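Encoded as structure tokens, the structure appears first; notes follow it.
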Number of protein chains: 2
Amino acid sequence: MPNIDKCTEKLIKEKATALFFVLGHINASSQEIADYAGVKRTLVNYYFRSKNNLFKITYDELITNLKSSLKKIYISKQPFSNKVEELIDFLIFFRESYPYLEKFNIQEINNINRSADSILQPQGSAELNYFIKEVEQEMENGLIKKYHPINFILNIFSLVSFPIVMKPLFIEIFDIDKSEFIALLKARKQVIKTILFN
Amino acid sequence: MPNIDKCTEKLIKEKATALFFVLGHINASSQEIADYAGVKRTLVNYYFRSKNNLFKITYDELITNLKSSLKKIYISKQPFSNKVEELIDFLIFFRESYPYLEKFNIQEINNINRSADSILQPQGSAELNYFIKEVEQEMENGLIKKYHPINFILNIFSLVSFPIVMKPLFIEIFDIDKSEFIALLKARKQVIKTILFN
DNA sequence: AAATTGTTTGACATTATTGTCAAATATTTT
DNA sequence: AAAATATTTGACAATAATGTCAAACAATTT
């Protein structure tokens with residue numbers, strides 16, 4: 001069965017991305033990927049050589065998007081508090097679009113076998129450093145409390161990401177409806193902003 | 001080779017716990033577990049029937065400890081701010097003792113195949129509800145900002161756990177020494193307390 | 001010391017998954 | 001339409017991991 005609307009390679013890649021990072025089948029077998037894309041398993045090898053390579057490609061694309069968006073925000077010309085707000089909004093949006101990306105990061109971060117050719121290649125950037133300098137500036141100005149500026153970044157990422165990553169667990173622990181928790185997370189955006197500033 | 005000091009069953013269980021949750025080999029093969037304990041692989045099956053069962057047993061023991069400690073803190077008779085401080089201290093201590101426990105939680109939480117007999121059995125408790133009531137009380141008193149009390153709990157767990165879970169990633173992103181980051185996390189305890197209260 | 005019970009071992013069968021390859025089929029170029 | 005190229009398919013080999021089992025061995029009881 002030939003594909004009319006989309007070339008097979010693109011199709012496989014898109015379906016794999018959704019399977020990995022939207023549906024959370026991070027360890028899907030090549031058979032599972034092929035089935036989800038509606039193609040034979042061998043085509044995964046034909047177009048991408050190996051399942052791992054396919055995974056690496058989809059992961060790299062997502063991370064590249066993420067990084068590029070973050071960098072734009074870090075150096076954007078706008079009042080600091082607006083910038084933080086934009087950062088929070090974007091992070092929430094991205095985490096909810098690909099809720100399982102962070103899950104993979106966590107799985108891989110601590111992987112014993114992680115080597116130089118690891119899929120994960122975290123790195124800082126000039127843009128991030130610029131933002132950190134700005135945080136220090138605002139600490140001088142008294143807008144935020146004074147401590148190591150990295151803490152401010154840690155706070156943002158922690159307060160936004162952790163509840164999303166742990167959502168199913170928290171729903172059971174707090175014994176509330178899924179919809180109620182989602183509403184809570186929505187309202188939480190304001191809570192986070194309040195907490196971050198004096 | 002017979003074991004003198006410790007019966008084989010206990011030995012395997014202890015080594016497996018360390019391998020899983022201290023060293024982070026969450027997906028260790030039965031061979032790896034046996035090697036680490038210095039016994040033949042079949043003994044894992046002999047004493048624990050299956051690798052999965054062994055994992056479940058070690059996991060359950062850890063979680064039982066964790067829950068019981070948390071419950072004690074939740075209902076302990078002491079000023080609210082001291083209680084929160086104790087909670088933070090304990091959480092940091094526990095996360096650093098078993099840094100990979102949370103990693104497993106995150107892996108499993110979203111597992112598609114998670115069924116009724118899943119290893120994960122999160123649940124609330126009367127003690128937690130008691131603590132939440134107390135949080136609401138302190139919001140009335142003006143010690144903490146007013147919002148859905150669950151946010152306060154989310155904040156504590158997020159601010160403590162996320163930087164520990166993501167430690168290796170943050171070290172690379174912020175391009176700082178491991179020792180420097182550990183020092184930062186140590187000092188961070190105070191940062192968290194400051195943030196949580198008005 | 002013979003019998004019973006508990007523990008350890010190596011060999012085996014089973015299952016799941018991966019990547020390769022040659023043959024079949026479709027598409028494009030000449 | 002013949003040739004060349006690209007894509008798809010099914011069969012195959014290799015690998016890794018799991019759990020079972022009977023036999024060997026050790027310890028304990030009678």
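Only a predicted model underlies this, so the values are computations on that prediction, with no experimental measurement involved. Below, read A as the first sequence line, B as the second, and so on, with proteins coming before strands; counting in each chain starts at 1.
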How about [X] and [Y]: are their ring centres within less than 6.0 Å of each other?
| X | Y | value |
| --- | --- | --- |
| A:Tyr147 | A:Phe152 | no |
| B:Tyr74 | B:Phe131 | yes |
| B:Phe94 | B:Tyr98 | yes |

Of all the choices, [options], which nucleotide is nearest to the side chain of [X] once you look at every atom?
| X | options | result |
| --- | --- | --- |
| A:Thr42 | D:dT18, D:dT8, D:dA11 | D:dA11 |
| B:Asn45 | C:dT7, D:dT18, D:dG19 | D:dG19 |
| A:Lys40 | C:dT8, D:dG10, D:dT7 | D:dG10 |
| B:Leu43 | C:dG19, D:dT8, C:dT8 | C:dT8 |
| A:Tyr46 | C:dT18, C:dT20, D:dA6 | D:dA6 |

Once you round it to whole Å, what is the distance between [atom2] of [N] and [atom1] of [X]?
| X | N | atom1 | atom2 | value |
| --- | --- | --- | --- | --- |
| B:Lys51 | D:dA16 | NZ | P | 15 Å |
| B:Leu54 | D:dT18 | CG | P | 11 Å |
| A:Asn27 | C:dA16 | CG | P | 17 Å |
| A:Arg49 | C:dG19 | CZ | P | 10 Å |
| B:Asp35 | D:dT18 | CG | C1' | 15 Å |
| A:Ile12 | D:dT7 | CD1 | C1' | 11 Å |

Quiz item: On a plain distance test, is the side chain of B:Arg41 in donor-acceptor contact with the base of C:dG10 below 3.5 Å?
Solution: no
Quiz prompt | Main-chain N/O of B:Ala28 paired with B:Lys51 side-chain donor or acceptor, under 3.5 Å | solution = yes
Quiz item: Side-chain N or O of B:Thr8 less than 4.0 angstrom from OP1 or OP2 on C:dT7?
Solution: no
Practice problem: May I ask you to verify if any side-chain N or O of A:Ser30 is less than 4.0 angstrom from the OP1 or OP2 atom of C:dT17? | Solution: no
Exercise. Just call it for B:Tyr47: base, sugar-phosphate, or nothing, with non-hydrogen atoms closer than 4.0 Å on any strand.
Key: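 Here B:Tyr47 touches the backbone only, sparing every base.
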Quiz item: Looking at A:Leu196, A:Val84, A:Val135, which hits side-chain contact (heavy atoms from CB on, under 4.5 Å) with A:Ile144?
Solution: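 That would be A:Val135; it is the only one of A:Leu196, A:Val84, A:Val135 passing the side-chain contact (heavy atoms from CB on, under 4.5 Å) with A:Ile144.
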